[in-house]
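First the structure, in the form of structure tokens, and then the observations on it.
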Amino acid sequence: MRFATWNVNSVKARLPRLEEWLASARPDVLCLQETKVADFPDISSSGYAVAHFGQGRWNGVAILSRVGLTDVREGFPGEPGFPEQEARYVSAMCAGVRFISVYVPNGRTPEDPHYTYKLEWLAALRTSLAEDVAKGPLVIAGDFNVAPTDDDVWDPAVFVGSTHVTPPERAALAAIRDLGLHDIVGRPLKGDRPFTYWDYRAGMFHMNKGMRIDLVLATEDIAAQVTDAVIDREARKGKGPSDHAPIVVDTKRSAENGLG
DNA sequence: ATGTCGTCCGCGGGACGA
């Protein structure tokens, strides 16, 4: 089974590139974030089924699968809002695995109410996940908007006083990982830093000044079956890219059934 | 790093979020 995650920064703006990428990468399951549409575009000719929790101009998460897509859940019990619930979590069963696609709140600045929302959202997510993790193989992937360590940002000095690196954010993420989830880090295809996001501005991608804020967390049974994980920086190149690159994970697990 | 991109509103470019 091959699965992937990608913050596409608008599925409408990214549709040609998404369809090309699906045709070449052919993941069995793809978690998407920041679809930024209410209704997902028609990609039925691609052979993928779609579970989309969309909102309109902001947020929006989806799971695409060509190996089954059942028991879809939009949002999770106890999920905080800002002030209303936002489209940041969608979950489904695909080939015997519980997949969850998340777009964690940005937080804006540590003084902003959005930062408190981010911490509360992550804490509530942990509570919800604790139940799901106990039930079987699970993958939660997406844009966590947290760089787990100082090695996950291109220059820690630049981020002092900013979100994504504060101890409370990192502690909230660690508490999720401590449910027994493994951080499956993609191989960078250039350089030695596994960045997944580069700001559009100032030639940051060209200079490889990025951040690792997109994560794939998996239960032990899945993690033990991983054969490779790659950050597809090719998808960040060229005309009209997202500012995030996909992470592609290969496992020796069967995509035909849940017996792995 | 604040150098870009995407969306909305609404018809041109400003406001906002990331």
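Here is how names work: the chains are called A, B, and so on, in the same order as the sequence lines, proteins then strands, and each is numbered from 1.
- Distance, Y200(A) OH to dT4(B) P: 13 Å, rounded to whole Å.
- Within the 6.0 Å centre-distance limit, the rings of H114(A) and F82(A) are counted as a close aromatic pair.
- At whole-Å resolution of the value, CZ in F159(A) and C1' in dT2(B) are 11 Å apart.
- The side chain of Y103(A) lies closest to dA18(B), out of dC8(B), dC5(B), dA18(B).
- A residue-by-residue look at G56(A) and K209(A) shows that K209(A) has its nearest nucleotide of DNA chain B further toward the 5' end.
- Put simply, R14(A) has a side-chain N or O that comes within less than 4.0 Å of OP1 or OP2 on dG6(B).
- Following rounding to the nearest Å, Y197(A) (OH) and dT2(B) (P) show an atom-to-atom distance of 13 Å.
- F99(A) and F3(A) have perpendicular rings, their planes meeting at more than 60° on a 0 to 90° scale where under 30° would count as parallel.
- Considering only side-chain N and O atoms, S242(A) lies nowhere under 4.0 angstrom from the phosphate OP1 or OP2 of dC5(B).
- In the set dG6(B), dA18(B), dA1(B), dA18(B) carries the atom at the smallest distance from any side-chain atom of E34(A).
- Whole-Å rounding puts the Y115(A) OH to dG17(B) P distance at 19 Å.
- Ionic pairing of R73(A) and D132(A) is present here: one or more N-O contacts between side-chain nitrogen and carboxylate oxygen are shorter than 4.0 angstrom.
- Atoms CZ (R108(A)) and P (dT2(B)) sit 22 Å apart, rounded to a whole Å.
- In this structure, of dT4(B), dA1(B), dA18(B), it is dA1(B) that holds the atom nearest to the side chain of V158(A).
- Rounded to an integer number of Å, the gap from NE2 of H244(A) to P of dC5(B) is 14 Å.
- The separation of dG14(B) from dG10(B), taken at their C1' atoms, amounts to 12 Å, rounded to a whole angstrom.
- The CZ-C1' distance, from F82(A) to dC16(B), rounds to 13 Å in whole Å.
- F205(A) comes within 4.0 angstrom of nothing in the nucleic acid, heavy atoms only.
- Taking the P atom of each, dA1(B) and dG17(B) are spaced 23 Å apart, rounded to whole Å.
- R108(A) and T163(A) share no side-chain donor-acceptor pair at under 3.5 Å.
- Residue contacts for D199(A): at a heavy-atom cut-off of 4.0 Å it reaches a base atom on one of the strands shown.
- Per the geometry, CG belonging to D143(A) stands 15 Å off C1' belonging to dG6(B), to the nearest Å.
- Summarising the geometry, atom CG belonging to D183(A) is positioned 12.0 Å from atom CD1 belonging to I176(A); distances are rounded to the nearest 0.5 Å.
- Taking atom P in both dG6(B) and dC11(B), one finds a spacing of 23 Å when rounded to whole Å.
- In terms of position along DNA chain B, the nucleotide closest to M204(A) lies nearer the 5' end than the nucleotide closest to the other residue of the pair M204(A) and D243(A).
- When heavy atoms are screened at a 4.0 angstrom cut-off, W154(A) is found touching the sugar-phosphate backbone but no base atom.
- Of all nucleotides listed (dT7(B), dG3(B), dA18(B)), dT7(B) comes nearest to the side chain of R57(A).
- Across all non-hydrogen atoms, the minimal contact from I140(A) to V102(A) is CD1-CG1, 3.8 Å.
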